[in-house]
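Presented below is the structure to which this report refers.
Computed from heavy atoms alone, side chains included, the values below leave out hydrogens, waters and symmetry copies. Each ligand, and each atom within it, is numbered from 1 in the order the structure gives. Please read these numbers as outputs of a predicted model, since none were measured by experiment.
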Amino acid sequence: MQVSVNTNDNINGTLVLPLWQGSESMPSGSEAGVPRALKSQIDTILAAGDFKAKSGSAMTLAGTDGGKALLIGLGKSDAATLQSVREAGAKVTASLSKIHGKTITVKFSGLEGDHMGAFVEGMILRDYSYDKYKSKDDDDDSDDSEIDAHITCEADKIENLQKSANLSLAVASGVYLARDLGNAPPNDLYPMAFAEQAIAFGNEHDNVKVTIINYEQAISMGMGGLVGVGMGSARKPCMVIFEINPDMPGPSPCIVGKGITFDTGGISLKPPPSMDEMKYDMHGSATTFGVMQALVASGHKERVIGVTCMAENMPSSNAQRPGDVIKTYSGKTVEVLNTDAEGRLVLSDGLWYTGTKLNPSYIIDLATLTGACVVALGHEASGLWSNDDDLRNKIKEAGEHCGEIAWPMPLFKAFEKEMTDSKIADVRNLGAGRWGGSNTAAAFLKQFIPNKPGTEEQIPWAHLDIAGTAWGAKTNKMLKNGATGIHVRTLHHLITGQ
Ligand code: BES
Ligand code: MN
Ligand code: ZN
C-alpha cells in the first residue's frame with residue numbers, strides 16, 4: 001500500500017468515508033471535492049438511518065453519477081479506542097473489491113490525530129495475503145497492483161499523520177515478513193532455509209550482522225537442548241543471531257524466538273488432527289526476524305539483538321527418546337520425559353547463550369510453547385511471565401497500545417520446584433501433572449536465565465507464550481487468515497517508544 005496525506009480536495013478513485021455512529025449527514029469537513037450527486041446520496045442514506053455507522057460496519061455505494069464510495073462505521077465517538085479505530089481501518093481494506101479499484105481517497109473529519117493514525121495502520125495491516133503458492137489462471141484479469149491510498153484531513157494534522165503512516169508502513173514490513181515466514185510450508189521453510197534468509201537480510205543492510213551457529217558448532221559448544229530436539233530430522237538445527245547496529249554500545253534488548261519449523265511431537269508423536277498447524281511452531285522466530293526488519297525499516301539507531309532457535313522435531317531412529325537425559329549449554333542436565341515438550345529445550349540453550357554472550361539489558365522470549373496457554377487465554381491474549389515487575393508492566397502496556405494483548409501469568413515457586421525435582425537430572429521437561437502446563441513451562445525456562453554478571457540476581461526476562469495468538473483467532477480483524485505476525489508491533493513499540 002502507498003499512503004499519501006494531503007489537503008487536496010480532489011477525490012482519486014473511490015471515496016472512503018469514516019463516520020461516527022449517529023451521523024445524520026456527511027461531516028462538513030469532508031464535503032470538499034465530493035460531487036453533489038454522491039454527497040446527496042450519502043446524506044439521504046444517513047438521514048434515513050440506512051447506514052448507522054456501527055463499529056465494524058461498511059456500505060458500498062456504486063452506480064451513482066458522482067462516483068463510488070465506501071462508508072465505514074467507527075462506532076460511538078465516546079467509546080472509541082485506538083483498537084476500535086484500527087479495526088475500522090482494517091475494515092476498509094477487507095471491504096475493497098474489484099469494483100472499488102485500487103485507488104482510494106480517505107476523507108477524515110473530526111478525528112483525533114492518534115485515531116487517524118491507528119485507522120491508517122489498520123488499513124495497512126489488513127493489506128496482506130499469502131499467495132506465493134497459488135498458480136494464476138490464464139484468464140485471471142484481477143488487478144494485483146498496490147493500493148494507492150490518498151488521505152485528507154485538517155491542514156494542521158497532515159504532517160503528523162504522514163509521519164505516522166510512514167512509521168506504520170515500516171513496522172508493517174516486519175509484520176508481513178513474520179506472517180510470510182509463519183505461513184511458509186514446512187517442506188520449504190526448515191531451519192537452514194530460515195538461516196539463509198536471515199543471512200540474505202544481513203547482506204542487504206550495512207547495519208545488520210547475522211551469525212549462524214550450525215549443527216556441528218552447536219554440538220561442539222554443548223548445546224544439548226537444540227541438538228537433542230533437532231537431531232531426529234534430516235534437516236539439522238541451528239541458531240541464528242541477528243545484531244542490529246552491532247557497533248553501538250550495549251547492554252541491549254534481546255529477543256529470543258522458538259523456531260520449530262515443524263513439530264510432530266517427535267517420538268511422543270502428536271495425534272493427527274490439525275498437525276499441519278504445527279508449521280506455525282516457528283512463529284516465535286518469525287516474530288523475532290520481523291522485529292529486526294521493522295527496526296531496520298523504521299531507522300532505529302541503537303543496538304538490538306535477536307536470537308532464534310531453529311529445529312525440526314521429527315521421530316526417527318536418530319531422534320531423542322523419552323527418558324533421555326541431555327546436557328544443555330548452561331551445564332544443567334534435563335530429563336526429557338516427553339519429546340513433544342521440545343520448545344523449552346531449544347530455548348534453554350538460546351536463553352543461556354543470550355544471557356551469557358550477548359550483553360542483554362533484558363531478554364524477551366516468544367514461543368508457541370503450550371496448548372495449555374490456549375486453554376487458559378483462548379486466542380485473545382498471549383501469556384506473559386516475567387521475573388521483573390517493571391519489564392512485565394512495560395510489555396503489558398506496549399501490547400495494550402498495539403492491540404496485541406499480553407496477559408500476566410504467575411511464576412510461583414511451586415512451579416519451579418515441580419520442574420526441578422527430577423530423580424536423575426537437574427530439571428525435568430514435563431510437569432508432574434497436567435495442571436498449569438503453561439506455568440510449569442515458564443518455570444522451566446526461568447532455570448535458564450543467567451544472573452547479571454557478578455550478582456545473585458537474574459537478568460530481567462519475560463516470556464510470551466504465543467500459542468493462541470500466532471494464528472487461528474477469528475476475532476483478529478488485522479488479517480484474513482494464517483500467521484498473525486503477533487507482537488512485532490508490541491516489541492517495536494517497546495524498544496523504540498514509537
Ligand atoms: N508447539 C506445541 C504447543 C502448541 C500446541 C502450540 C497447540 C499451539 C497449539 C508444543 O511444542 C507442545 O507440544 N507442547 C506440549 C507440552 C506438553 C507435552 C508438556 C503441549 O502443549 O501439549
Ligand atoms: Mn511439541
Ligand atoms: Zn512445539
How far apart are the C-alpha atoms of Y280 and W471, what are their side-chain angles, what is the distance that settles it, and do they pass the ring pair (Phe, Tyr, Trp, His ring centres under 6.0 Å) test? CA-CA 8 Å; Y280 297 118; W471 78 96; 4.8 Å; yes
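- Counting atoms of ligand 1 from 1 in the listed order, those under 4.0 Å from a heavy atom of E342 are 11 (O).
- Side chains of V336 and R321 form no contact here, defined as non-hydrogen atoms less than 4.5 Å apart.
- Looking only at protein heavy atoms, the nearest one to atom 21 (O) of ligand 1 is G371 N, 2.7 Å.
- Using modelled atom types, one side-chain atom of H493 and one backbone atom of Q498 make a donor-acceptor pair closer than 3.5 Å.
- The angle E342:OE2 - the Zn ion (ligand 3) - D263:OD2 amounts to 90°, with values rounded to 10 degrees.
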Please tabulate, for the side chains in residues 194-213, all donor-acceptor contacts under 3.5 angstrom to protein atoms that are two or more places apart in sequence or on a different chain.
residue: N207; atom: ND2; partner: N245; partner atom: OD1; Å: 3.0

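- Of the possible donor and acceptor atoms, one in the side chain of D465 sits under 3.5 Å from a partner among the backbone N and O of T370.
- The distance from the Zn ion (ligand 3) to the nearest N/O/S atom of K258 is under 2.8 Å.
- Residue contacts with ligand 1: K270 is included, with a non-hydrogen atom under 4.0 Å away.
- The K258 neighbourhood of ligand 1 comprises atoms 1 (N), 10 (C), 11 (O), with distances under 4.0 Å to a heavy atom of that residue.
- Given atom 17 (C) of ligand 1, the protein heavy atom at minimum distance is L430 CD1, 4.2 Å.
- Scanning all protein heavy atoms for the shortest distance to atom 8 (C) of ligand 1 gives W471 CH2, 3.4 Å.
- Applying the 4.0 Å criterion to heavy atoms of A467 picks out, from ligand 1, the atoms 6 (C), 8 (C).
- How far CG of D263 is from OG1 of T339: 8.5 Å, rounded to the nearest 0.5 Å.
- With a 4.5 Å cut-off on side-chain heavy atoms, F289 and L181 count as touching.
- Using a 4.0 Å cut-off between charged nitrogen and carboxylate oxygen, E416 and K413 count as a salt-bridge pair.
- At the shortest separation from atom 1 (N) of ligand 1 among protein heavy atoms lies D281 OD1, 2.8 Å.
- Coordination check, D340 versus the Zn ion (ligand 3): failed, since every N/O/S atom of the residue sits at 2.8 Å or beyond.
- Nearest protein heavy-atom contact of atom 14 (N) of ligand 1 is L369 O, 3.4 Å.
- For H283, the heavy-atom gap to ligand 1 stays at 4.0 angstrom or more.
- A salt bridge does not link R392 with D388: every distance from a Lys NZ or Arg NE/NH1/NH2 to an Asp or Glu carboxylate oxygen is 4.0 Å or more.
- The atom of D281 that is an N, O or S and sits closest to the Zn ion (ligand 3) is OD2.
- At a threshold of 4.0 Å, the pair D144-K136 counts as salt-bridged, since one of the basic side-chain nitrogens sits closer than that to a carboxylate oxygen.
- Given atom 2 (C) of ligand 1, the protein heavy atom at minimum distance is D263 OD2, 3.6 Å.
- Of all the atoms in ligand 1, the ones that sit under 4.0 Å from a non-hydrogen atom of R344 are 16 (C), 19 (C).
- Rounding to the nearest 0.5 Å places OG1 of T469 at 9.0 Å from CG of L377.
- A salt bridge between E216 and K236 is absent, with no side-chain N of the basic residue lying under 4.0 Å from a carboxylate O of the acidic one.
- Looking at E121 and R86, a side-chain N of the basic residue comes within less than 4.0 Å of a carboxylate O on the acidic one, giving a salt bridge.
- Nearest-residue assignment for atom 12 (C) of ligand 1 (options I466, T368, D340; heavy-atom criterion): D340.
- Here the protein contributes D263 OD2, D340 O, D340 OD1, E342 OE1 as N, O or S atoms under 2.8 Å from the Mn ion (ligand 2).
- I363 pairs in a side-chain contact (heavy atoms from CB on, under 4.5 Å) with only one of the listed residues (V307, N387, I459), which is I459.
- Among all protein heavy atoms, the one lying closest to atom 7 (C) of ligand 1 is M278 CE, 3.6 Å.
- Atom CD1 of I449 and atom CD of Q447 lie 9.5 Å apart (nearest 0.5 Å).
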